[in-house]
There are 2 protein chains.
Amino acid sequence: MARAEDPAGRERILRAATELFYVNGVRAVGTADVIAAAGCGKNMLYRHFPGKAALAAAYLRGVRAERDKATATALAAHRAVGSAAVNAGAGAGGAGAGAGELVALVGEVAAWVSRADFRGCAFRNYLTEFPGADDEPAHVAQAYLRDTRRQVDDLVAGLGAPAVTADRIWLLIDALYAGTGTPPRVAVDWASELVG
Amino acid sequence: MARAEDPAGRERILRAATELFYVNGVRAVGTADVIAAAGCGKNMLYRHFPGKAALAAAYLRGVRAERDKATATALAAHRAVGSAAVNAGAGAGGAGAGAGELVALVGEVAAWVSRADFRGCAFRNYLTEFPGADDEPAHVAQAYLRDTRRQVDDLVAGLGAPAVTADRIWLLIDALYAGTGTPPRVAVDWASELVG
DNA sequence: GTCTATAGAAGGATAGAC
DNA sequence: GTCTATCCTTCTATAGAC
């Protein structure tokens, strides 16, 4: 009898890898560590992932999916509030309609870095761990930074604010991810002053 | 006949290690790489440094010495300008005298991150490469961040500005070191607006 | 799951050059 | 006696084979 394939196998490996990679760094974690944490055999890991680089890329893609979802949720929640205000008689909204979204964006990052299990930005961490890397995980990390930066640019452009505002918002986001002690709320308040 | 001791030995090793560690990361560089770059034998490295951790600590202390010197020079240059202004008839200076120093501090960081060979903050890089490390290099890195943060606090306190100003200046410094694309000048201009 | 091939790193030891 | 160069041990990691 052929043993049924474990459908949760890939997921279990990826979850174990995510935890270990994020907490200890990708370089410090060996495939053996991932296998032990996932409680599976070696062949299973290599069946689902061609190698450690592919596993790291999958890890970063997973983090990105979470981050994109959280960001979208935060922006949608703000837009719902904005629509309610419009319905209450504020009219077309017009210029300034995107200001709250920018603050919500910064606020979402602040919420993320405030978590007790925050250990830095997974993408920036990877690029620091492998400076000058041109592999699959590096591309995922670079794409995330590029796309997020563009998201800020688009929101600022929609607001009709000068380009330097986008630079400043991005400075705040960079600073939040660096997270060397300043209370995240300070960045959110500053963003609010900037666009409010 | 006894061969003459090489007085520049330690310095040569440390310079090679500094270049390699900073560009490629501490983890990615082996002691063999340092030895090859320094053009010396293995014994010499282990005579001057007990191990790789000690070498990494010496590397970070060297970077700190450079950074402290550059910072002191920038602040001194500003104070010289400030004194000239006082001599020109501005009186005691009083409140606001430290504003220019804060901008000079941020400006010095901006100059540093603008260099073509900038590869991030050596201290933050180390702490990212070795998350949770409690070794000698980690202590050097943590001490630098602590002391630099305190320097900002002291300047802001001397200025009589609220504590949140120190938080904001520190956010700008964190963002500069992160260096993910924003022109450094933006941070300096913002700092200038903040305290000016 | 275990066993093995291959590779790389840390660090100690030794041989030989000057 | 200090240098370079090499060898050696131990450990760890990736990856594949069974």
Side-chain angles (χ1 to χ4, degrees), chain A residues 1-6 8-10 12-14 16-60 126 129-138, chain B residues 1-60 125-126 129-138:
Chain A
M1 289 193 190
R3 183 171 172 177
E5 183 184 331
D6 182 359
R10 199 194 124 102
R12 237 173 49 238
I13 293 169
L14 190 50
T18 296
E19 171 78 8
L20 289 170
F21 282 161
Y22 184 58
V23 172
N24 304 108
V26 175
R27 263 201 141 105
V29 174
T31 53
D33 299 320
V34 176
I35 288 161
C40 67
K42 203 173 212 182
N43 35 16
M44 190 173 221
L45 189 149
Y46 284 101
R47 209 149 55 77
H48 288 295
F49 304 95
K52 191 184 173 180
L55 182 57
Y59 147 63
L60 291 180
Y126 185 87
E129 278 198 273
F130 300 87
D134 193 31
D135 53 5
E136 200 188 347
Chain B
M1 279 197 180
R3 181 173 173 171
E5 181 180 329
D6 181 0
R10 199 193 125 102
E11 208 52 36
R12 236 174 48 241
I13 293 169
L14 190 50
R15 286 166 69 92
T18 297
E19 170 78 9
L20 289 170
F21 283 162
Y22 184 58
V23 172
N24 303 107
V26 175
R27 264 203 140 103
V29 175
T31 53
D33 299 318
V34 176
I35 287 160
C40 69
K42 205 172 201 179
N43 275 2
M44 194 174 200
L45 189 149
Y46 284 101
R47 184 190 313 288
H48 288 295
F49 304 95
K52 191 184 173 181
L55 182 58
Y59 146 64
L60 291 180
N125 286 357
Y126 185 87
E129 278 198 273
F130 299 87
D134 194 31
D135 54 5
E136 200 188 347

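To find a chain, count down the sequence lines: A is the first, B the second, and so on, and within it residues start at 1. In what follows, every heavy atom counts, from backbone to side chain, and hydrogens, waters and symmetry copies are set aside.
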Length of the [atom1]-[atom2] vector between [X] and [N], whole Å:
X	N	atom1	atom2	result
A/Tyr46	C/dT2	OH	P	16 Å
A/Leu45	D/dT14	CG	C1'	11 Å
B/Met44	C/dA17	CE	C1'	15 Å
B/Arg47	D/dG1	CZ	P	12 Å

Notebook entry, point to check: CD of B/Glu19: more than 12 outside heavy atoms within 6.0 angstrom?
Noted result: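 Incorrect, the count does not exceed 12.
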Item checked: Sequence-distant partners of B/Tyr126, side-chain hydrogen bond (donor to acceptor under 3.5 Å, both in side chains), two or more places apart ->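 Here the qualifying residues are B/Asp135.
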Apply side chain to side chain contact (heavy atoms under 4.5 Å, CB included) to [X] and list each qualifying residue two or more places apart in sequence or on a separate chain.
X	answer
B/Ala36	none
B/Ala32	none
B/Asp33	B/Leu20, B/Val29

Next item on the list: Kindly point out which of C/dG11, D/dC3, C/dT2 is positioned nearest to the side chain of A/Lys42?
Entry: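 Nearest nucleotide to the side chain: C/dT2.
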Would you tabulate the nitrogen or oxygen pairs shorter than 3.5 Å linking the protein to nucleotides 14-16 of chain C?
residue	atom	partner	partner atom	Å
C/dT14	O4	B/Asn43	ND2	2.8

Note to self: Give me each pair satisfying salt bridge (Lys or Arg N to Asp or Glu O under 4.0 Å) with a member in residues 38-52 of chain B, each pair once, sequence neighbours excluded.
What the structure shows: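 Output for this query is empty, none listed.
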Checklist line | Main-chain N/O of B/Glu129 paired with B/Arg27 side-chain donor or acceptor, under 3.5 Å | finding: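 Between the backbone of B/Glu129 and the side chain of B/Arg27 there is a qualifying donor-acceptor contact (under 3.5 Å).
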Checklist line | Contacting residues from residues 13-40 of chain B, given that a heavy atom lies under 4.0 angstrom of DNA chain D | finding: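 DNA chain D contact set from residues 13-40 of chain B: B/Gly39, B/Cys40.
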Note to self: Give the residues of residues 48-56 of chain B touching DNA chain D, defined as any heavy atom closer than 4.0 Å, sorted by residue number.
What the structure shows: none
Notebook entry, point to check: Sequence neighbours excluded, which residues qualify as salt bridge (Lys or Arg N to Asp or Glu O under 4.0 Å) partners of B/Asp6?
Noted result: B/Arg12
Check: With B/Arg10, which residues qualify under salt bridge (Lys or Arg N to Asp or Glu O under 4.0 Å), at least two apart?
Finding: none
Margin query: Categorize B/Arg10 for me: base, sugar-phosphate, or nothing, with a 4.0 angstrom heavy-atom threshold over every strand shown.
Written below: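 Nothing, no heavy atom under 4.0 Å.
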Next item on the list: Determine the minimum heavy-atom distance between A/Pro137 and A/Leu60, stating which atoms define it.
Entry: O-CD1, 3.4 Å
Check: What pairs of residues pass the ring pair (Phe, Tyr, Trp, His ring centres under 6.0 Å) test when at least one of them lies in residues 21-41 of chain B, not counting sequence neighbours?
Finding: B/Phe21-B/Tyr59
